[in-house]
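Inspection log for the structure reproduced underneath, given as C-alpha cells.
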Amino acid sequence: MSADDRYRPKTDDELRQLDVPALLRYGLAFAGPYRATLFGEGAIAAALAADRLGVLPRSVSFLAEVVRSGGAGYAAGLAEPLPGAEPTRLAREWLSSAATTATTTDGDQLLARWLDAVAEILGLRRNVRSGPAGETG
C-alpha cells in the first residue's frame, strides 16, 4: 500500500471487509490513530453491517443507552441487544469484543459514544435513501 492509498476514500465494499470487533478492541484501548479509525471507518463499517440487516438507528441508540447504564458486559448478556436473530449476533460480536477492553465506566462511555456514532451514520444513510421524511418503522 502506498502512502497515497491510506488517504484514498474507501468504498462501501472495502469498509464491509473491516474487522469491527478488532477495531473496537484496539480503538477502545488505545487513543490516537486506533481510536480515530474506530470512530471513522469502524463506525461506518458497523453502520453498513447494521443497515444490511435492517437495523433501525433508534435501536442502536437505545443499545448505546443500555451500555451507558449497565456497561458493555451487561449489554452483551442481554437476550436480544438488537431486535432479531442476526442483528443480535452482530451486536453480541461488537459488545463481547468491546467488553474485553471497556472494563471501566470510561470505557463503557466511550463504547456508548461509538454506538451513537454508528446510529447517526445509519440514520444519515437511511435519510439519504428515503429523502427528508426520515426513518420509517
Side-chain angles (χ1 to χ4, degrees):
M1 172 190 301
S2 72
D4 290 335
D5 286 342
R6 288 183 302 184
Y7 302 108
R8 180 185 57 81
K10 289 185 173 45
T11 66
D12 285 358
D13 287 337
E14 290 171 322
L15 290 165
R16 283 186 187 98
Q17 300 303 313
L18 293 177
D19 185 349
V20 174
L23 292 174
L24 279 162
R25 283 191 304 275
Y26 285 96
L28 294 174
F30 305 107
Y34 291 108
R35 189 151 307 146
T37 301
L38 173 62
F39 275 84
E41 293 172 354
I44 297 168
L48 289 169
D51 191 38
R52 184 172 270 177
L53 298 176
V55 174
L56 296 175
R58 66 180 176 220
S59 297
V60 179
S61 292
F62 182 75
L63 182 56
E65 289 302 315
V66 171
V67 168
R68 269 188 197 89
S69 299
Y74 173 79
L78 292 174
E80 200 172 56
L82 288 174
E86 287 299 314
T88 288
R89 272 192 279 287
L90 179 67
R92 278 216 183 96
E93 189 175 90
W94 296 343
L95 294 166
S96 296
S97 182
T100 64
T101 54
T103 57
T104 65
T105 302
D106 288 343
D108 290 332
Q109 296 304 312
L110 191 59
L111 174 60
R113 286 195 301 273
W114 179 78
L115 287 165
D116 285 334
V118 172
E120 286 297 322
I121 294 165
L122 187 55
L124 287 169
R125 291 181 65 84
R126 290 172 80 74
N127 287 342
V128 166
R129 280 196 310 263
S130 66
E135 187 177 303
T136 60

### Query
What pair of heavy atoms forms the shortest contact from Ala47 to Leu122, and how long is it?
O-CD1, 3.6 Å

### With sequence neighbours excluded, residues passing side-chain contact (heavy atoms from CB on, under 4.5 Å) with Asp116
Ala64, Arg68

### Task
Sequence neighbours left out, what passes salt bridge (Lys or Arg N to Asp or Glu O under 4.0 Å) with Arg52? Give chain and number order.
none

### Message
List the residues meeting side-chain hydrogen bond (donor to acceptor under 3.5 Å, both in side chains) with Ser97, not counting sequence neighbours, and say none if there are none.
### Response
Arg25

### Summary
Tightest non-hydrogen contact, residues Leu28 and Gly107, listed as CD2-O, 4.4 Å

### Query
Tracing side-chain links under 4.5 Å among I, L, V, M, F, W and Y, which residues wind up in one group with Leu78?
Phe62, Val66, Tyr74

### Message
Checking Thr37 now: which residues fulfil side-chain contact (heavy atoms from CB on, under 4.5 Å) with it, not counting sequence neighbours?
### Response
Leu23, Glu41

### Query
Listed by chain and number, what are the salt bridge (Lys or Arg N to Asp or Glu O under 4.0 Å) partners of Glu14, not counting sequence neighbours?
Arg8

### Task
Report whether Leu56 and Trp114 are members of the same hydrophobic cluster (ILVMFWY, side-chain heavy atoms less than 4.5 Å apart, transitive linking).
no

### Message
Is there a side-chain contact between Val20 and Glu93 in this structure, where contact means two heavy atoms from C-beta onward sitting under 4.5 Å apart?
### Response
no

### Query
Hey, quick one: are Leu48 and Ile121 part of the same hydrophobic cluster, counting side-chain heavy atoms closer than 4.5 Å, chains of contacts allowed?
yes

### Query
Under the 3.5 angstrom rule, does the side chain of Asp108 hit a backbone N or O of Ala72 as a donor-acceptor pair?
yes

### Query
Among all residues two or more places apart in sequence or in another chain, which pass the side-chain hydrogen bond (donor to acceptor under 3.5 Å, both in side chains) test with Arg16?
Asp13

### Task
Kindly give the cluster partners of Tyr34, where membership spreads through any ILVMFWY side chain lying under 4.5 Å from a current member.
Tyr26, Phe30

### Shortest non-hydrogen separation from Val55 to Val60 and the atoms involved
CG1-CG2, 3.7 Å

### Query
With sequence neighbours excluded, what pairs up with Arg35 under the side-chain contact (heavy atoms from CB on, under 4.5 Å) test?
Ala31, Phe39, Leu110

### Query
What pairs with Thr88 under side-chain contact (heavy atoms from CB on, under 4.5 Å), at least two apart in sequence or on another chain?
Glu80, Pro81, Arg92

### salt bridge (Lys or Arg N to Asp or Glu O under 4.0 Å) partners for Glu120, two or more places apart
none

### Task
Check each of Thr100, Leu38, Thr101, Leu95 against Leu24 using the side-chain contact (heavy atoms from CB on, under 4.5 Å) test, and report the only one that passes.
Leu38

### Summary
Applying salt bridge (Lys or Arg N to Asp or Glu O under 4.0 Å) to Asp106 and not counting sequence neighbours gives none

### Message
Would you compute the distance between atom CG of Leu63 and atom CG of Leu111 and round it to the nearest 0.5 angstrom?
### Response
7.5 Å

### Query
Considering all heavy atoms of both residues, which atom of Ala46 and which atom of Val118 are nearest to each other, and what is their separation?
CB-CG2, 3.8 Å

